[in-house]
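Structure first, then comments.
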Amino acid sequence: MKIAIAGAGAMGSRFGVKLQAAGNDVTLIDNWADHVAAINANGLMVTSDDGKDQAYPMTALAPKDVTTTFDLVILFTKTMQMDQMLTDLHAVLANHPAVLTLANGIGNVETIEKHVPRSQIVVGTTVWSSGLVGPGHIKVTGTGSISLQAVDPANFPNLDDIISTLNAAGMNASPADDVMAAIWKKAGLNSVLNTYCTLLNCNIGEFGALPNWRDLNDAVLDEFQAVADAAKITFSASDVTTLIAAQFSPETNGGHYPSMHQDMANHRPTEVDFLNGYVARLGKKLGVPVPHNAILAQLIHSQEALVTAK
Ligand code: NAD
């Protein structure tokens, strides 16, 4: 399959390497000029679990330099970069590729459908992970899986082809029954762990050891529940709380600092507007009180402003 990875950071690069190794024709597309230059000069450097480095020759392009067509565009920018990337890829999208995103956060479908008909969009969640070491260099850990669904299944007959392509690359993909429920579940988890660990400057285990972690958790998730109920989205605050509690031990994710914490440490914008911020906006629109998520999104934005000013 001819595949573009639009947003070839940590995750996009990991997906790109795996899909190319399985025989697909993969192009990495990215707006970070140093990253694109490093990949074209030296290949994509991948540090694996055992600490070994291997360089993979890959083609990387800035969006403005893309002239070919693709069967599939995998969008792996951060959520707040998605609209710009889709704007930059206007000419590529005119050829009607399928567009898949597994990015975190709620609201990605609304962003993509401004540029692409719903009948071409596939969304999902993934527990694969990856980190950026620097331009042209990623560090990958463990394995993962993917759960995905076409936004308009009746008009998207080729989901099996995409799933087969991902699975031929060893990516453990399967169809989701209710992808919006999966997206909200992951966003609920991230809106607790990412947001509080960032504000409190702690890892997941330290958050879980706080005597009031449950009060903090419930302040976020009770509002998620009320908004999801009003929007008719399947959501269980108690299931998400159980999932969160399962992350606290050192054997799971206790020692891990969530991605929002890392973004803040690197003085990069966070995805909070597509987590607590999204629920705050939707709650306001639906007349559901959302004071905790609204103030948490504001606090993250205040912290972003403070670290950027330093
Ligand atoms: P990333 O920050 O590594 O890359 C996203 C984009 O930002 C890329 O276009 C990248 O080139 C650009 N970028 C990164 N650092 C930059 C820098 N210093 N200067 C200029 N541009 C830079 O993001 P990611 O971790 O690949 O995440 C993509 C999406 O996948 C997000 O929605 C994220 O929440 C989600 N996700 C990530 C992981 C993970 O383990 N990283 C796991 C699951 C889901």
Side-chain angles (χ1 to χ4, degrees), residues 4-18 27-40 44-47 49 58 60-63 66 73-89 100-109 111-112 123-148 171-173 182-183 185-191 193-195 197-198 204 247 253 256-278 300 308:
I5 308 281
M11 290 295 280
S13 292
R14 184 169 200 190
F15 273 55
V17 165
K18 287 183 80 66
T27 303
L28 303 179
I29 302 174
D30 208 89
N31 272 312
W32 186 11
D34 289 351
H35 187 50
V36 168
I39 293 168
N40 287 324
L44 179 76
M45 185 64 75
V46 180
T47 303
D49 272 334
M58 298 206 65
L61 292 172
V66 182
V73 173
I74 302 182
L75 254 182
F76 244 138
T77 61
K78 294 274 190 176
T79 46
M80 60 282 185
Q81 302 164 322
M82 206 172 267
D83 194 50
Q84 185 62 52
M85 177 59 82
L86 289 162
T87 302
D88 294 345
L89 289 180
L100 162 68
T101 191
L102 304 169
N104 280 335
I106 321 174
N108 294 330
V109 175
T111 303
I112 300 170
V123 285
T125 56
T126 183
V127 291
W128 285 94
S129 65
S130 181
L132 258 178
V133 180
H137 188 175
I138 60 168
K139 184 172 189 317
V140 302
T141 42
T143 60
S145 61
I146 297 165
S147 173
L148 75 179
M171 307 213 65
N172 302 325
I183 287 170
K185 188 174 186 179
K186 196 165 185 207
L189 176 136
N190 287 333
S191 295
L193 293 180
N194 284 28
T195 303
C197 288
T198 303
I204 290 171
Q247 311 305 312
N253 280 317
H256 179 70
Y257 287 84
S259 60
M260 189 184 289
H261 186 283
Q262 295 166 27
D263 287 337
M264 194 69 80
N266 292 327
H267 298 194
R268 296 192 62 215
T270 71
E271 295 184 302
V272 74
D273 282 340
F274 299 87
L275 298 169
N276 311 80
Y278 183 94
I300 291 290
T308 308

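We count ligands from 1, going down the list as the structure has it; atoms in each ligand are counted the same way. Here the structure is a predicted model, which is why all the values come from computation and not from measurement.
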- Have Thr195 and Asn276 got a donor and an acceptor in their side chains that come within less than 3.5 Å? yes
- In terms of the angle between their ring planes, are Tyr257 and His261 parallel, tilted or perpendicular, with boundaries placed at 30° and 60°? tilted
- Message: I'd like to know if the side chain of Arg14 reaches the main chain of Thr141, judged simply by a donor and an acceptor atom lying under 3.5 Å from each other, with no hydrogens or angles considered.
- Response: yes
- Query: Under 3.5 Å, is there a donor-acceptor pair between the side chain of Thr47 and the main chain of Lys139?
  - Reply: no
- Item | Stepwise side-chain contact (heavy atoms from CB on, under 4.5 Å) check, Gln262 with His256 | CA-CA 10 Å; Gln262 295 166 27; His256 179 70; 3.9 Å; yes
Can you give me a line-by-line list of nitrogen or oxygen pairs between ligand 1 and the protein shorter than 3.5 Å?
{"unit_1": "ligand 1", "atom_1": "2 (O)", "unit_2": "Arg268", "atom_2": "NH1", "d": "2.8"}
{"unit_1": "ligand 1", "atom_1": "3 (O)", "unit_2": "Ala10", "atom_2": "N", "d": "2.8"}
{"unit_1": "ligand 1", "atom_1": "7 (O)", "unit_2": "Gln81", "atom_2": "NE2", "d": "3.3"}
{"unit_1": "ligand 1", "atom_1": "7 (O)", "unit_2": "Arg268", "atom_2": "NH2", "d": "3.1"}
{"unit_1": "ligand 1", "atom_1": "9 (O)", "unit_2": "Asp30", "atom_2": "OD1", "d": "2.6"}
{"unit_1": "ligand 1", "atom_1": "9 (O)", "unit_2": "Asp30", "atom_2": "OD2", "d": "3.4"}
{"unit_1": "ligand 1", "atom_1": "11 (O)", "unit_2": "Asp30", "atom_2": "OD1", "d": "3.0"}
{"unit_1": "ligand 1", "atom_1": "11 (O)", "unit_2": "Asp30", "atom_2": "OD2", "d": "2.7"}
{"unit_1": "ligand 1", "atom_1": "13 (N)", "unit_2": "Arg268", "atom_2": "NH2", "d": "3.3"}
{"unit_1": "ligand 1", "atom_1": "15 (N)", "unit_2": "Arg268", "atom_2": "NH1", "d": "3.4"}
{"unit_1": "ligand 1", "atom_1": "26 (O)", "unit_2": "Ala10", "atom_2": "N", "d": "3.3"}
{"unit_1": "ligand 1", "atom_1": "26 (O)", "unit_2": "Met11", "atom_2": "N", "d": "2.8"}
{"unit_1": "ligand 1", "atom_1": "32 (O)", "unit_2": "Asn104", "atom_2": "N", "d": "3.0"}
{"unit_1": "ligand 1", "atom_1": "32 (O)", "unit_2": "Glu271", "atom_2": "OE2", "d": "2.7"}
{"unit_1": "ligand 1", "atom_1": "34 (O)", "unit_2": "Asn104", "atom_2": "ND2", "d": "2.9"}
{"unit_1": "ligand 1", "atom_1": "34 (O)", "unit_2": "Glu271", "atom_2": "OE1", "d": "2.7"}
{"unit_1": "ligand 1", "atom_1": "40 (O)", "unit_2": "Ser130", "atom_2": "N", "d": "3.0"}
{"unit_1": "ligand 1", "atom_1": "40 (O)", "unit_2": "Ser130", "atom_2": "O", "d": "3.3"}
{"unit_1": "ligand 1", "atom_1": "41 (N)", "unit_2": "Ser130", "atom_2": "O", "d": "2.9"}

- Item | Separation between OG of Ser145 and CG of Asn172, rounded to the nearest 0.5 Å | 6.0 Å
